[in-house]
Protein chains: 2
Amino acid sequence: MGRIVDHDQRREIFAAAALRVIMREGIIGLTVREVAKEAGFTTGALTHYFQSKDQLLIQASEHSSTLVRARMERAAAAPSAIEAIRKVVMLALPLTPELRGYWRIWVGYWERSSYDADVARVMGLRYDEWRGRLTSLLARGQQEGEVSAQLDITQAADALVAMIDGIGVQVLLGVSRFPPARQKAMFDLWLDTVRAGPKT
Amino acid sequence: MGRIVDHDQRREIFAAAALRVIMREGIIGLTVREVAKEAGFTTGALTHYFQSKDQLLIQASEHSSTLVRARMERAAAAPSAIEAIRKVVMLALPLTPELRGYWRIWVGYWERSSYDADVARVMGLRYDEWRGRLTSLLARGQQEGEVSAQLDITQAADALVAMIDGIGVQVLLGVSRFPPARQKAMFDLWLDTVRAGPKT
DNA sequence: TTTGTTATATAACAGACGTTACGCAAAGAC
DNA sequence: GTCTTTGCGTAACGTCTGTTATATAACAAA
């Protein structure tokens, strides 16, 4: 009965298109018409898969986290915990144009979060995952002796998450303000406060 | 010739109203009509003082920095440099509802900065001032022997600025996520990396 | 082939947006 | 007093918004 298409796949197409629109024009430029056009459809198709613009916004956020999750998990599989942390952080920092595009998306969602409880809740889940990934890597580092045993890993993860977001903000105001080298220098500074002392 | 009013004062009234609107409804809710209404005027009056909405946005940002600057300078006058830094940071962290309101404004401007070069430029100036204030306090701390002499104060200021913005983001997603105590704990952690060792 | 259902396009809706135009009232200049 | 400039409210403009309604086309099931 009726032709059949994969609804989840369609929703992913629209979610990906929404992300591209946000990258290009900011979250303020995210309109139903523009997303549909970017996806190669019209609003009639989009509304068939999303009841409202808000749902599209949420779904797009979930899609973007799916995209990075695979890369993150591959990076986290590095043999040394410290090296894993480094690789994971290099995927998060706005070092390349592509990664800076993602930061434009995150900042857009931060803005929405400040007055939209639904978006805030979803973003909270993203950060729980992010913070969790870092804390478990730090815990692994402690077991393997690379990370100082008396370190409060929760607090250290908090500090790293905050610092990375802060870097993202600065880069957004202009890459020249915080070039990749300066970003990495700040990360190395954090790493020093976390490393186990030479020998023991 | 004609009745006379203080144009700068009028512009401040509208700028202050714009900030209140952003606090309440986000930067997406900042409309010419809403700002005029918040200020107790109509759009006819507002357009008399601002050629465009963009100019209003810039002016509002400048007004907000004027508001905090006075408090910051008073705090920076503390006898001890470390104490001055602490007081200044306590004015920046989203510790109270009022201060959290300001963070909603900043995040709104971050968002705009990512695709509006004019806003990005103005925000860049704000951050230059903010970073400059912290670096000069750190330099004072070094002179007075409170801050480690071999510290790279530029890098330390960068780290603090980034960390505070990162805290602001987390608090925006929900205060419960980062209560005042946790914010202060993170700041103290930074302070430890900056302090001169006991004695010398 | 006919029937029924789904996918998508087109179009309309009511409202909000930034901006511009216009008109009246207030008040300094003379 | 009149004249003239300015302050501000009202209203209109055209455009864009999210959403809903309707029409057409595609295809599975009978």
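Order of the sequence lines fixes the chain letters, A, B, ..., with proteins taken first and strands second; residue numbering starts at 1 for each chain.
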Cationic N near anionic O, under 4.0 Å, B/Glu62 to B/Arg11: no

Atom pairs under 3.5 Å, N or O on each side, protein against nucleotides 23-26 of chain C: can you list them with distances?
none

Expected output: side-chain B/Tyr109 to main-chain B/Leu57 donor-acceptor under 3.5 Å: yes

Spacing between B/Asp8 atom CG and D/dG7 atom P, to the nearest angstrom: 12 Å

Contact list for DNA chain C against residues 26-35 of chain B - heavy-atom distance below 4.0 Å: B/Leu30, B/Thr31, B/Val32, B/Arg33

Carboxylate-amine/guanidinium contact A/Arg112 A/Asp54, below 4.0 Å: yes

Check: A/Pro94 main-chain N/O paired with A/Arg100 side-chain donor or acceptor under 3.5 Å: yes

Which nucleotide in C/dT8, D/dT10, D/dG7 has an atom nearest any side-chain atom of B/Val5: D/dG7

Exam field: side chain A/Gln142 to backbone A/Leu151, donor-acceptor pair closer than 3.5 Å: yes

Nucleotide D/dC8, atom P - distance to CZ of B/Phe41 in whole Å: 5 Å

Distance, rounded to the nearest Å, where A/Asp6 contributes CG and D/dA28 contributes P: 15 Å

Spacing between A/Lys37 atom NZ and C/dT10 atom P, to the nearest angstrom: 13 Å

Single hit among A/Val89, A/Val194, A/Leu138, A/Thr193 for side-chain contact (heavy atoms from CB on, under 4.5 Å) with A/Leu160: A/Val89

Protein-nucleotide distance (A/Arg10, atom CZ; C/dT6, atom P), rounded to Å: 16 Å

Side-chain H-bond candidate by donor/acceptor type, B/Tyr127 with B/Asp165, under 3.5 Å: yes

Side-chain N or O of A/His7 closer than 4.0 Å to phosphate OP1/OP2 of C/dA7: yes

Short side-chain to backbone donor-acceptor contact, B/Glu146 and B/Ala196, under 3.5 Å: no

Test: B/Arg182 cationic atom under 6.0 Å from B/Phe178 six-membered ring centre, within 45° of axis: yes

Carboxylate-amine/guanidinium proximity below 4.0 Å for A/Asp158 and B/Arg177: no

Strand contacts (DNA chain C) in residues 48-60 of chain B, 4.0 angstrom heavy-atom criterion: B/Ser52, B/Lys53

Salt-bridge criterion met for B/Arg104 and B/Glu111 (N-O under 4.0 Å): no

Separation of atom CG in A/Leu46 from atom P in C/dT10, rounded to whole Å: 15 Å

